[in-house]
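Below is one structure, written out as structure tokens, with a few remarks after it.
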4 protein chains.
Amino acid sequence: MANDNKKRTIEMKKDTVLKAAIRLFAEKNYEATTMAEIAREANVSFGSVSIYFGNKEELFMACVVLPLEEFTKSLLDFDPSPNSYREEIQTFILKHFELFSTQKEYLRLLVQVIGQYERFSEAFKVVNEHNEKLNNKVSQLIVNGQQANQLADGDAEKIAIAYVSLLFGLRLSYADDPSLENWNQFAEIAMRLFGPK
Amino acid sequence: MANDNKKRTIEMKKDTVLKAAIRLFAEKNYEATTMAEIAREANVSFGSVSIYFGNKEELFMACVVLPLEEFTKSLLDFDPSPNSYREEIQTFILKHFELFSTQKEYLRLLVQVIGQYERFSEAFKVVNEHNEKLNNKVSQLIVNGQQANQLADGDAEKIAIAYVSLLFGLRLSYADDPSLENWNQFAEIAMRLFGPK
Amino acid sequence: MANDNKKRTIEMKKDTVLKAAIRLFAEKNYEATTMAEIAREANVSFGSVSIYFGNKEELFMACVVLPLEEFTKSLLDFDPSPNSYREEIQTFILKHFELFSTQKEYLRLLVQVIGQYERFSEAFKVVNEHNEKLNNKVSQLIVNGQQANQLADGDAEKIAIAYVSLLFGLRLSYADDPSLENWNQFAEIAMRLFGPK
Amino acid sequence: MANDNKKRTIEMKKDTVLKAAIRLFAEKNYEATTMAEIAREANVSFGSVSIYFGNKEELFMACVVLPLEEFTKSLLDFDPSPNSYREEIQTFILKHFELFSTQKEYLRLLVQVIGQYERFSEAFKVVNEHNEKLNNKVSQLIVNGQQANQLADGDAEKIAIAYVSLLFGLRLSYADDPSLENWNQFAEIAMRLFGPK
DNA sequence: AATGAATGAGCTTTCATTCAT
DNA sequence: GATGAATGAAAGCTCATTCAT
């Protein structure tokens, strides 16, 4: 029991460190962020950070990879063979927009990894795999929708890529925090990528 | 005359340094790039780099700002009140795509500046101003097109932002060198943002 | 009784730690060896190591000093006034060689202490005292042997020092594990130090 | 010319650093010696030390290897086929003793390398090669002397090893600076290793 | 004008030690 | 008695910058 409490505390501390690291890495980037800063922000000694996550590189990797599973899960939470394709798209656009406007920091991290993919090749590889899953599922939905005569013609894969690119591009354009409403105003425009009725 | 030759040589050297700096800053990012590396790449001593551009920060600023004028000029090279709006859009999309697929390195630099706008606040300010010019001109064209009944309804400014976001997003998605053809395949899809006929 | 068992266990653990420490200190040297490594090697927590031996310096001291008593006892196990001096010398040479080839690790430790006597001044002092005992006893035997007309002339003390130096020198030369046989081949040569018949 | 002067100055500074490093490494050992200390001792910044020799490991390697050539040359400076073998041996013993009593610091370094040959495997390899040259040449001289009936029988190689071991062993025994006279008193004893007349 | 030797601030990382459990 | 989480001193190293040549 006492042991359990200890474990919980450690897990909580690790999480605090991770959150702080994500925030700082996102805002300032990998090398401009010092381990000491992260430790200070998380109210632990920098020795503890090393104990928790190994070295700086591993910590960065953890910042990128650990939240990725849940993040992608949210992104993939739609039905690729719905009754109404346009409605389903509309729905996931809103969901995605909410995610992208909410998870600002984590997304800055992803932009960094993608933007310097040579330097962060390992992290990039993992991110890319997840990204591809999203591309594939959106692509699949488009194909299905076209076969069901509910979506206009067009290269499904390219449309999917364009859609995901738009998501990241908007995140970049709205570097300074936009309110959720702003994003919603783009929903109708994003919809256009999938072709007219 | 002799003086002219010398000047030309210096200008040429400065340009070599700038090119090298852009390439390295883009690929590896600001702090991961060392002054020594840039100097080596440009075949000058690092003392010369300092003489030409001052310190590292000023060099980075130069890398971002100096090419910006010409870059934006290319982007703005379209008529906001053409006879055929859809044709004009089609044309500038192709031109923009060519620019974005050609200027890979410089765009990685811009992504960096935008992605860490707090850190590069000064550079960001300049970039943002230019960006706004593009947004405004595209926006203006859309408004004109709508008034001329050639373009579908929709918030012109938002459409412009979405369009520019798509440009940057694609640049990010195609981190690993895309051929120009690939980009052209997205032209039709990008067109969709401006609404159906 | 229960207490006795416990004590025995603690004594055994301490011994395990000491053995591990000697091995590691010998092989890698004082600063290159970490307390954590020693603890791991001995299957105890590093907290226990501190409890058993205090701090790192005290542990090292223990590694040097604790085996010294028995080690010297073995070295001194010969008769300084035997009937046949040459036979006695022959005998202790073999005994010493066996000790020096068997106790490789401990001797590396001693070499370290002697080699950096300023740094390990306290340990060195103790080692030196024991060393002197050996020198003195060998020296005494030589003097006796010379008086008994069984050994050739020569500065007895210097011969003793040379003999002990040869022991350590051979240990150094045969850094990579020598078999006992190799050592024995040096017995006849070592004998020469004590002069011809 | 100015360039030449500069080069000379740098070479001199490098030498100062090397000397300081040898002294400190010898006295305190590799890890107990800090780069800052070496730099301070040599009156340069620690940045310069890095420029001159790379990192700490490379500096240590340089300390071991650079003086080795000349050191071995001195050791090997004898004739393996002289007229009088005993005289030749007598002569090189005195020469070797002088070297070993003069080059105290460098020899402490060698003892360190040999004593922790696993840790300094690269340096050890080089040292060992040179050591073998000495062994071989001494060995050769003994064989020649035996064939010329001037030296007593006995395994020549083992005698050579014993002789070199005695040199190192004495260096170890006389950790605290001995005067040259002391060493000379051992000359006659060392001679005994090569057998009676 | 150009060079690159020299400097030292500032970073990451390791590890002995302490102490609450 | 035993553990191992936490700390932070201290080290090596990198690199922007200065400045004598």
Side-chain angles (χ1 to χ4, degrees), chain A residues 1-3 5-7 9-10 13-14 31-40 43-59, chain B residues 6-7 9-10 13 30-40 43-52 54-60, chain C residues 6-7 9-10 13 30-40 43-52 54-60, chain D residues 1-3 5-7 9-10 13-14 31-40 43-59:
Chain A
M1 194 113 76
N3 206 10
N5 272 330
K6 212 189 283 180
K7 261 187 197 165
T9 315
I10 290 185
K13 280 196 186 177
K14 282 186 70 166
E31 17 266 322
T33 304
T34 69
M35 294 294 270
E37 226 173 336
I38 295 171
R40 203 182 316 125
N43 269 313
V44 294
S45 75
F46 56 82
S48 298
V49 177
S50 283
I51 290 171
Y52 294 153
F53 293 100
N55 59 24
K56 194 182 181 183
E57 197 141 330
E58 285 164 8
L59 172 57
Chain B
K6 211 189 285 179
K7 259 191 198 163
T9 317
I10 291 185
K13 277 196 187 180
Y30 180 71
E31 17 268 321
T33 303
T34 69
M35 294 294 270
E37 223 174 339
I38 294 169
R40 203 183 318 125
N43 269 313
V44 295
S45 74
F46 56 82
S48 299
V49 177
S50 284
I51 291 171
Y52 294 153
N55 61 24
K56 194 182 182 184
E57 195 139 331
E58 286 162 4
L59 172 56
F60 184 77
Chain C
K6 213 188 282 180
K7 259 190 197 164
T9 316
I10 290 187
K13 277 196 187 179
Y30 180 71
E31 17 267 321
T33 304
T34 68
M35 294 293 270
E37 224 174 338
I38 295 170
R40 203 183 318 124
N43 269 314
V44 294
S45 74
F46 57 83
S48 299
V49 176
S50 284
I51 290 170
Y52 294 152
N55 62 23
K56 194 182 180 182
E57 196 140 331
E58 286 162 4
L59 172 57
F60 184 78
Chain D
M1 193 114 77
N3 205 11
N5 272 329
K6 211 188 285 181
K7 263 188 196 163
T9 316
I10 290 186
K13 280 195 185 178
K14 282 187 70 167
E31 17 266 322
T33 304
T34 69
M35 294 293 270
E37 226 173 337
I38 295 170
R40 203 181 317 124
N43 268 314
V44 294
S45 75
F46 57 83
S48 298
V49 177
S50 283
I51 289 171
Y52 294 152
F53 293 99
N55 60 25
K56 194 182 180 184
E57 196 140 331
E58 286 164 8
L59 172 57

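Each chain gets a letter, A, B and so on, in the order its sequence line appears, and its residues count up from 1.
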How many whole angstroms separate atom [atom1] of [X] from atom [atom2] of [N]?
X     : N      : atom1 : atom2 : value
B/E58 : F/dA16 : CD    : P     : 14 Å
C/L59 : E/dT17 : CG    : C1'   : 14 Å
A/F53 : E/dT12 : CZ    : C1'   : 17 Å
B/R40 : F/dA16 : CZ    : P     : 11 Å
B/N43 : E/dA2  : CG    : P     : 14 Å

So what does the secondary structure string of DNA chain F come out as, 5' to 3', with Watson-Crick or wobble pairs under 3.5 angstrom, [ ] for crossing and | for pairs with another strand? .||||||||||||||||||||

Side chain of C/I10: nearest nucleotide among E/dA1, E/dT3, F/dA2?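 Nearest nucleotide to the side chain: F/dA2.
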
Any idea which of E/dA6, E/dT3, F/dA2 is nearest the C/Y52 side chain? F/dA2

Under 4.0 Å between a side-chain N/O of A/S48 and OP1 or OP2 of F/dA5, yes or no? no

Quick one: is F/dA6 close enough that its OP1 or OP2 comes under 4.0 Å of any side-chain N or O from A/K13? yes

Other residues, nucleotides and ligands only: do more than 12 of their heavy atoms fall within 6.0 Å of CD on C/E57?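 Count not over threshold, so no.
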
Considering all heavy atoms, the nearest A/N55-A/M35 contact: C-CE, 4.2 Å

Can you see which heavy atom on B/F46 is nearest to which on B/A36, and at what distance? CB-CA, 4.4 Å

Do side-chain atoms of B/K56 reach the backbone of B/Y30 as a donor and acceptor pair under 3.5 angstrom? yes

Which is more 5' along DNA chain F, the nucleotide nearest D/A36 or the one nearest C/S45? Just name the residue. C/S45

At what distance, to the nearest 0.5 angstrom, does CD of A/E31 lie from OG1 of B/T33?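 So the gap between those two atoms works out to 8.5 Å.
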
Out of curiosity, C/I38 CD1 to C/L59 CG, how far, rounded to the nearest 0.5 Å? 5.0 Å

B/S48: what forms a side chain to side chain donor-acceptor pair (under 3.5 Å) with it, not counting sequence neighbours? B/S45

A/I10 and A/Y52, any side-chain heavy atoms less than 4.5 Å apart: yes

Which atom pairs link the protein and nucleotides 13-15 of chain E when you take only N or O atoms and keep those under 3.5 Å?
{"from": "E/dT13", "atom 1": "OP2", "to": "A/K56", "atom 2": "N", "distance (Å)": "2.9"}

